[in-house]
Amino acid sequence: MSRVYNFSAGPAALPLEVLETIRNDLPDWLGSGMSVMEVSHRSADFVELAARAEATLRELLQVPDDYSVLFPQGGATMQMAMAPMNLTSPGDTADYIVTGSWGKKAAGEATKFCNVNVAADASDKKFTYIPDESSWRRSDNAAYLHYTPNETIAGVEFHFVPGGDVPLVADMSSNILSRPIDVRRFGVIYAGAQKNIGPAGITLVIVRNELLDRARADNPHLMTWKSYADSDSMTNTPPTFAWYVADLVFQWLKRQGGVEAMAEINGRKSSKLYAAIDASDFYSNPVAKDCRSRMNVPFILADAALDKKFLEESAAAGLTNLKGHRSVGGMRASIYNAVSEEAVDALIAFMADFEKANG
Ligand SMILES: *Cc1c(COP(=O)(O)O)cnc(C)c1O
């Protein structure tokens with residue numbers, strides 16, 4: 001077996017231990033003589049799995065009892081519609097902080113349902129900074145404030161939680177479970193699974209229960225958070241395989257020491273990679289230092305003519321998926337929880353060798 005160091009932005013690397021458990025379980029899950037994909041989501045074994053996944057996630061993130069944990073399908077993108085559909089009535093206003101492509105997409109989706117006030121927009125500097133909170137033009141009567149704690153494409157991360165009294169809605173797709181958070185500061189947290197949770201196909205939503213009553217009465221059943229809260233996310237047939245893998249990832253995280261331990265490792269991984277980039281004239285990262293992402297590290301080669309060679313030689317060395325997003329160019333190393341420190345060390349060593357040979 002040969003495994004590469006996978007720096008994919010998403011779907012992203014999964015822990016090898018989890019993959020090995022899946023392989024062992026696959027044909028005969030818990031002695032049932034069936035795979036987990038072939039059993040009823042209402043069977044006792046699956047209901048137990050679902051309950052354990054929720055309990056473990058609650059433990060990892062210290063989710064208070066007055067919050068519901070939901071596992072819908074549809075990814076983070078569906079939540080960009082569900083947030084305004086569940087938190088506003090027509091004519092209401094929601095505030096959006098746009099610090100990258102995903103926040104911009106969320107704001108655009110919300111305009112279909114309510115008035116959107118873009119209270120801050122970092123597109124003037126190509127999403128390389130977070131406008132100072134004191135400059136945000138927030139509305140007086142916002143139903144909520146939406147922001148993106150980690151912008152996956154440009155590599156911009158909030159290292160603070162915005163203030164204010166209105167419910168905070170956070171798209172944590174690319175940095176959930178990467179460090180401890182105070183869930184109480186948020187009204188709603190949502191995340192697609194395929195970065196730090198598991199395979200694509202399942203979504204995590206954490207919502208304060210008192211907000212569940214604000215949904216529009218004409219929402220489809222599957223676009224209503226309360227439907228999921230009332231049915232333990234078995235509103236219809238859930239994505240059972242993705243849920244099973246997410247449960248294994250949550251257990252793996254617990255064994256690693258939880259999100260506190262991950263925060264320490266993630267801090268080390270990203271610090272040493274940024275230090276290597278900053279120490280060289282050959283590589284650069286354009287993001288303001290106070291908001292660099294610990295999960296997605298974009299870097300540009302001084303000579304873009306070398307990009308192709310960098311990608312070919314890194315792939316040949318077992319370092320894959322380093323191509324940057326087309327809107328940014330250059331390279332991007334996504335170093336989520338399941339990307340080991342060893343992988344980051346190997347990348348740094350490769351970058352130094354490549355610079356020596358081509359710089
Ligand atoms: C990947 C990503 C998305 C899109 O997620 P889907 O599950 O594909 O809808 C949205 N927001 C952020 C911050 C992301 O990183």
Side-chain angles (χ1 to χ4, degrees), residues 6-14 70-86 94 96-110 112 120-123 127-128 130 144-159 161-162 168-179 181 186 188-206 222-223 225 228 233 238-239 241-243 245-246 249 266 270 287 291-298 321 323-328 332-339:
N6 179 5
F7 298 96
S8 173
L14 285 164
L70 319 176
F71 293 102
Q73 307 195 39
T77 306
M78 197 167 90
Q79 295 309 314
M80 293 177 189
M82 283 181 76
M85 291 172 86
N86 284 271
Y96 277 74
I97 306 301
V98 176
T99 53
S101 314
W102 291 115
K104 188 174 170 190
K105 200 172 169 198
E109 190 73 341
K112 296 169 186 166
D121 183 345
S123 60
F127 297 133
T128 55
I130 295 174
Y144 61 86
L145 178 106
H146 181 285
Y147 81 114
T148 313
N150 186 68
E151 281 284 359
T152 319
I153 291 176
V156 171
E157 186 170 20
F158 280 72
H159 299 298
V161 177
L168 271 183
V169 178
D171 173 3
M172 284 195 198
S173 295
S174 50
N175 68 349
I176 188 108
L177 294 163
S178 67
R179 64 177 164 200
I181 49 170
F186 299 89
V188 183
I189 292 167
Y190 65 86
Q194 64 275 19
K195 282 109 186 196
N196 252 345
I197 294 176
I202 196 163
T203 316
L204 171 67
V205 179
I206 303 172
L222 283 176
M223 298 301 281
W225 288 327
Y228 295 87
S233 296
F241 184 73
W243 205 339
V245 181
V249 171
N266 289 328
S270 54
V287 177
C291 58
R292 284 175 164 180
S293 170
R294 299 160 309 126
M295 296 284 105
N296 310 97
V297 181
N321 291 317
K323 191 173 177 8
H325 192 271
R326 60 190 178 281
S327 65
V328 177
R332 171 177 49 173
S334 293
I335 49 175
Y336 301 118
N337 285 342
V339 177

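These values consider heavy atoms only, across backbone and side chains, with no hydrogens, waters or symmetry-generated copies. Just follow the structure's listing: the first ligand is 1, and inside any ligand the first atom is 1. By convention here, the first residue in the shown sequence is residue 1.
Using modelled atom types and a 3.5 Å distance limit, the side chains of Asn296 and Tyr336 yield a donor-acceptor pair.
The shortest non-hydrogen separation linking Ile130 to Glu157 is CD1-O, 3.7 Å.
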Distances for all N or O pairs of ligand 1 and the protein under 3.5 Å?
from: ligand 1; atom 1: 7 (O); to: Ala76; atom 2: N; distance (Å): 3.1
from: ligand 1; atom 1: 7 (O); to: Gln194; atom 2: NE2; distance (Å): 2.9
from: ligand 1; atom 1: 8 (O); to: Gln194; atom 2: NE2; distance (Å): 3.3
from: ligand 1; atom 1: 9 (O); to: Ala76; atom 2: N; distance (Å): 3.2
from: ligand 1; atom 1: 9 (O); to: Thr77; atom 2: N; distance (Å): 2.8
from: ligand 1; atom 1: 9 (O); to: Thr77; atom 2: OG1; distance (Å): 2.5
from: ligand 1; atom 1: 11 (N); to: Asp171; atom 2: OD2; distance (Å): 2.6
from: ligand 1; atom 1: 15 (O); to: Thr152; atom 2: OG1; distance (Å): 2.4
from: ligand 1; atom 1: 15 (O); to: Lys195; atom 2: NZ; distance (Å): 2.7

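The shortest side-chain heavy-atom distance between Leu204 and Tyr190 does not fall under the 4.5 Å cut-off.
Applying the ring-ring contact (aromatic ring centres under 6.0 Å, His included) criterion to Tyr96, with sequence neighbours excluded, gives Tyr144, His146.
Formation of a donor-acceptor pair under 3.5 Å by the Asn196 side chain with backbone atoms of Leu177 is not found in this model. Distance alone, capped at 3.5 Å, is enough to place a donor-acceptor pair between the Glu151 side chain and the Gly103 backbone.
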